[in-house]
Amino acid sequence: MSQKTNQQWGGRFSEPTDAFVARFTASVDFDRRLYKQDIQGSVAHARMLAKVGVLTEDERDAIIRGLGEVRVEIERGEFEWSVALEDVHMNIEAALTKKIGITGKKLHTGRSRNDQVATDIRLYLRDEIDLILAEISRLQQGLLDLAEQEADTIMPGFTHLQTAQPVTFGHHLLAWFEMLSRDYERFADCRKRVNILPLGAAALAGTTYPIDRAYTAELLQFDAPAGNSLDAVSDRDFAIEFCAASSLLLMHMTRMSEELVLWTSAQFNFINLPDRFCTGSSIMPQKKNPDVPELVRGKSGRVYGHLMALLTLMKSQPLAYNKDNQEDKEPLFDTVDTVKGCLRAFGDMIPAIESRKPEMREAALRGFSTATDLADYLVRKGVAFRDAHEIVGLSVAYGIKTGKDLGEMTLEELQQFSDTIAADVFDVLTLEGSVAARNHIGGTAPDQVRGAVIRGRDLLSARAE
């Protein structure tokens with residue numbers, strides 16, 4: 001074989017690859033991130049080959065020992081990665097062969113880079129999903145702790161960003177908890193489809209060697225081998241699904257971020273974020289900018305983009321593997337990094353939020369936030385809801401004209417709109433009365449918030465078991 005061709009696959013070629021093409025087609029600069037998983041898969045493959053008699057026990061042991069030495073060199077920063085060897089797989093195999101001789105060349109028996117890379121990515125993503133699930137739980141724990149502290153803190157609830165009804169801050173935080181619970185379930189469900197073994201599919205049609213795919217799956221803790229060799233090497237649904245789950249998570253985090261940015265503004269002044277999560281201005285000395293939530297809000301765009309990139313990458317691809325699929329790794333890797341970074345930032349920041357209770361309460365007093373409570377009061381007194389709605393609307397119009405909130409009006413003022421209104425109306429027009437009355441599962445009453453916190457902690461405990 002010519003010294004000018006790639007020693008891993010160059011037998012069929014009569015001239016070396018163009019230098020630019022070699023760099024253009026190489027993936028080692030980014031897929032070397034998969035070195036742990038590549039070695040993990042190769043160790044399992046060697047054990048399986050020895051079990052079925054393709055390798056001797058001595059050959060197996062030499063391969064496993066050599067791969068262990070390669071891993072140590074990589075982790076010490078002593079490994080020399082070569083673009084000429086294209087990718088992480090060929091770099092590691094070449095280093096192994098250099099260490100243990102011809103036995104290293106036997107490792108690739110019964111497999112292809114096609115099923116090898118598919119296995120590596122699944123092993124990698126499985127590990128990363130486990131880390132992401134742990135970070136979601138950590139963030140949720142922070143939300144539960146803060147919600148418990150703020151179970152009695154009254155703030156305005158909004159629709160259309162207009163004051164709607166009073167709620168408790170703890171209740172609002174638990175809404176975020178619910179969003180994250182759905183995200184957790186999506187990632188956990190995605191993991192089930194990640195945890196399928198492609199190894200053994202070889203290039204596309206399987207292999208003539210007497211491999212034991214069930215044994216390999218057991219060694220690598222996969223739930224099962226992939227059922228079709230063509231699909232096994234060409235499937236990237238799991239990566240797309242992961243990016244879709246990540247996009248939903250980041251969408252939720254942008255909603256949280258937007259509220260945090262609003263609440264820290266002078267116009268709202270509902271909360272304070274510790275200085276360590278903010279930055280200042282180079283020109284305006286008074287500024288304290290909520291950079292963490294702003295940046296998380298901004299990072300959603302790159303994750304959405306990666307989802308579209310992977311969908312577009314797989315669009316119209318014929319079976320089985322195509323070189324296009326080399327482009328799956330950078331969007332996937334960046335999505336993983338972005339999600340983990342955002343979750344870590346929020347996991348550190350959320351427990352440190354300090355509420356400004358007087359400002360929240362004062363804001364809840366504006367905007368006739370107990371108007372619905374007055375309507376409900378009238379209905380309980382026998383007034384039809386549509387009539388009650390009109391009565392309260394007239395009361396609000398009067399309040400706008402006189403500059404009085406409903407709770408600030410006298411009984412006589414309220415009774416000019418309905419003689420059904422009695423002195424007990426003021427029990428429902430207070431902020432405390434309003435939130436306490438919503439005392440049902442999912443409601444904003446302080447007791448319900450505390451109950452939801454207990455249920456949330458039970459959920460997190462069950463996950464950990």
Exercise. Would you indicate whether the side-chain heavy atoms of Ile240 and Leu307 approach each other to under 4.5 Å?
Key: yes
Quiz prompt | More than 12 heavy atoms of other groups within 6.0 Å of Glu80 CD | solution = no
Quiz item: How about Tyr377 and Asp427: does a side-chain donor come under 3.5 Å of a side-chain acceptor?
Solution: no
Practice problem: Begin with the C-alpha distance, continue with both residues' side-chain angles, and end with the deciding distance and a verdict on side-chain hydrogen bond (donor to acceptor under 3.5 Å, both in side chains) for Gln326 and Asp87. | Solution: CA-CA 10 Å; Gln326 181 172 296; Asp87 56 35; over 6 Å; no
Quiz item: Would you say the side-chain atoms of Thr410 pair up with the backbone N or O of Glu413, donor to acceptor, closer than 3.5 Å?
Solution: yes
Practice problem: Supply the atom-to-atom distance Leu394 CG to Gln416 CD, rounded to the nearest 0.5 angstrom. | Solution: 9.5 Å
Quiz item: If we only count heavy atoms from C-beta on, is the Met360 to Ile271 side-chain gap below 4.5 Å?
Solution: yes
Self-check item: Donor-acceptor under 3.5 Å (Ser257 side chain, Pro293 main chain)
Solution: yes
Quiz prompt | Smallest separation among heavy atoms of Pro351 and Gly142, with atom names | solution = CG-CA, 4.0 Å
Quiz item: Quick one: CG on Asn322 to OG on Ser234, what's the gap to the nearest 0.5 Å?
Solution: 8.0 Å
Quiz item: If you draw a 6.0 Å radius around NZ in Lys315, do more than 12 non-hydrogen atoms from other residues or ligands fall strictly inside?
Solution: no
Practice problem: Using distance alone, with no hydrogens and no angle criterion, decide if Gln165 and Ser434 have a side-chain donor and acceptor under 3.5 Å apart. | Solution: no
Quiz prompt | Atom of Ile211, atom of Gly200 and distance for their closest heavy-atom approach | solution = CD1-CA, 3.6 Å
Quiz item: Side-chain contact, heavy-atom cut-off 4.5 Å: Glu258 with Leu161?
Solution: no
Practice problem: Taking only Lys NZ, Arg NE, NH1 and NH2, and the carboxylate oxygens of Asp or Glu, determine whether Asp235 and Arg122 approach each other closer than 4.0 Å. | Solution: yes
Quiz prompt | Under 3.5 Å donor-acceptor, Ser137 side chain and Ala134 backbone | solution = no
Quiz item: Does the distance from a Lys or Arg side-chain N to an Asp or Glu carboxylate O, for Asp145 and Arg457, drop under 4.0 Å?
Solution: yes
Quiz item: Passes side-chain hydrogen bond (donor to acceptor under 3.5 Å, both in side chains), His45 versus Gln116? Steps please.
Solution: CA-CA 10 Å; His45 187 64; Gln116 187 179 358; over 6 Å; no
Exercise. Measure from the side-chain N and O atoms of Glu178 to the backbone N and O of Ala175, and report whether any donor-acceptor pair falls under 3.5 Å.
Key: no
Exercise. Carefully, step by step, assess Asn272 and Lys288 under the rule side chain to side chain contact (heavy atoms under 4.5 Å, CB included).
Key: CA-CA 10 Å; Asn272 177 58; Lys288 179 178 175 180; 3.0 Å; yes
Exercise. Would you name the heavy atoms of Tyr304 and Ser247 that are closest together and state the gap between them?
Key: CE2-O, 3.4 Å
Quiz item: So, the side chain of Asn91 versus the backbone of Val88: is there a donor-acceptor pair under 3.5 Å, distance only?
Solution: no
Quiz item: Between Gln140 and Phe177, is there a donor-acceptor pair closer than 3.5 Å when you use the side chain of the first and the backbone of the second?
Solution: yes
Exercise. From the options Ile391, Val392, Leu429, select the one residue that forms a side chain to side chain contact (heavy atoms under 4.5 Å, CB included) with Leu414.
Key: Leu429
Exercise. Drop me the distance from Ile154's CD1 to Lys357's NZ, to the nearest 0.5 angstrom.
Key: 12.0 Å
Quiz item: Below 4.5 Å, heavy atoms only, C-beta onward: do Leu460 and Leu144 meet side chain to side chain?
Solution: yes
Quiz item: Between Tyr321 and Arg113, is there a cation-pi geometry (under 6.0 Å to ring centre, at most 45° from the normal)?
Solution: no
Self-check item: Distance flag, aromatic centroids of Phe346 and Trp176, threshold under 6.0 Å
Solution: no
Quiz item: Are any of the side-chain nitrogens in Arg191 or Asp130 under 4.0 Å away from the carboxylate oxygens of its partner?
Solution: yes
Self-check item: More than 12 heavy atoms from other groups under 6.0 Å of NE2 on His252
Solution: yes
Self-check item: Thr444 side-chain N/O to Val435 backbone N/O, donor-acceptor pair under 3.5 Å
Solution: no
Quiz item: Looking at Asp31 and Lys329, does any basic side-chain N land under 4.0 Å from a carboxylate oxygen?
Solution: no
Quiz item: Is there a side chain to side chain contact (heavy atoms under 4.5 Å, CB included) between Phe158 and Thr163 once you walk through the steps?
Solution: CA-CA 5 Å; Phe158 300 94; Thr163 299; 4.0 Å; yes
Self-check item: Donor-acceptor contact present, side-chain Asp291 to main-chain Cys278, <3.5 Å
Solution: no
Practice problem: Say whether, by atom type as modelled, one donor and one acceptor occur between the side chain of Asp115 and the main chain of Ala202 under 3.5 angstrom. | Solution: yes
Exercise. Give a yes or no on whether the ring-centroid distance for Phe417 and Tyr398 is below 6.0 angstrom.
Key: yes
Quiz item: What do you reckon, is CD1 of Ile441 surrounded by more than 12 foreign heavy atoms closer than 6.0 Å?
Solution: no
Practice problem: Carefully, step by step, assess Lys381 and Asp424 under the rule side chain to side chain contact (heavy atoms under 4.5 Å, CB included). | Solution: CA-CA 11 Å; Lys381 295 277 189 174; Asp424 61 350; 3.3 Å; yes
Quiz item: Does some side-chain heavy atom of Val292 sit less than 4.5 Å from a side-chain heavy atom of Leu273?
Solution: no
Quiz item: Got Asp348 and Arg276 here, is their nearest side-chain heavy-atom distance under 4.5 Å?
Solution: no
Self-check item: pair Val428-Asp376: side-chain heavy atoms closer than 4.5 Å
Solution: no
Practice problem: Any chance you could measure Leu125, atom CG, to Phe187, atom CZ, to the nearest 0.5 Å? | Solution: 9.0 Å
Quiz item: Does Arg47 come within less than 4.0 Å of Asp212, counting only side-chain N to carboxylate O?
Solution: no
Quiz item: CD/Glu150 to CG/Leu143 distance, rounded to the nearest 0.5 angstrom?
Solution: 12.0 Å
Quiz item: So, Arg186 and Asp189, do they make that salt bridge, N to O below 4.0 Å?
Solution: no
Practice problem: Before accepting this row, confirm whether a basic side-chain N of the pair Glu135/Arg344 lies closer than 4.0 Å to the acidic partner's carboxylate O. | Solution: no
Practice problem: Tell me whether the guanidinium CZ or amine NZ of Arg33 lies under 6.0 angstrom from the six-membered ring centre of Phe333 and within 45° of its axis. | Solution: yes
Quiz item: Got a sec: does the CZ of Arg438 have more than 12 other heavy atoms crowding it under 6.0 Å?
Solution: yes
Quiz item: Do other residues, nucleotides or ligands put more than 12 heavy atoms under 6.0 Å from the CE atom of Met251?
Solution: yes
Exercise. Would you indicate whether the side-chain heavy atoms of Gln40 and Leu219 approach each other to under 4.5 Å?
Key: no
Quiz prompt | Separation between OG1 of Thr420 and CZ of Arg380, rounded to the nearest 0.5 Å | solution = 13.0 Å
Practice problem: Decide side chain to side chain contact (heavy atoms under 4.5 Å, CB included) for Leu250 and Cys342; before the verdict, give the C-alpha distance in whole Å, the side-chain angles of both, and the deciding distance to 0.1 Å. | Solution: CA-CA 8 Å; Leu250 264 293; Cys342 291; 3.9 Å; yes
Quiz item: Should Asp334 and Lys299 count as an ion pair when the cut-off is N to O under 4.0 Å?
Solution: no
Quiz prompt | Test item: Gln415 side-chain N/O and Ile421 main-chain N/O as donor-acceptor pair under 3.5 Å | solution = yes
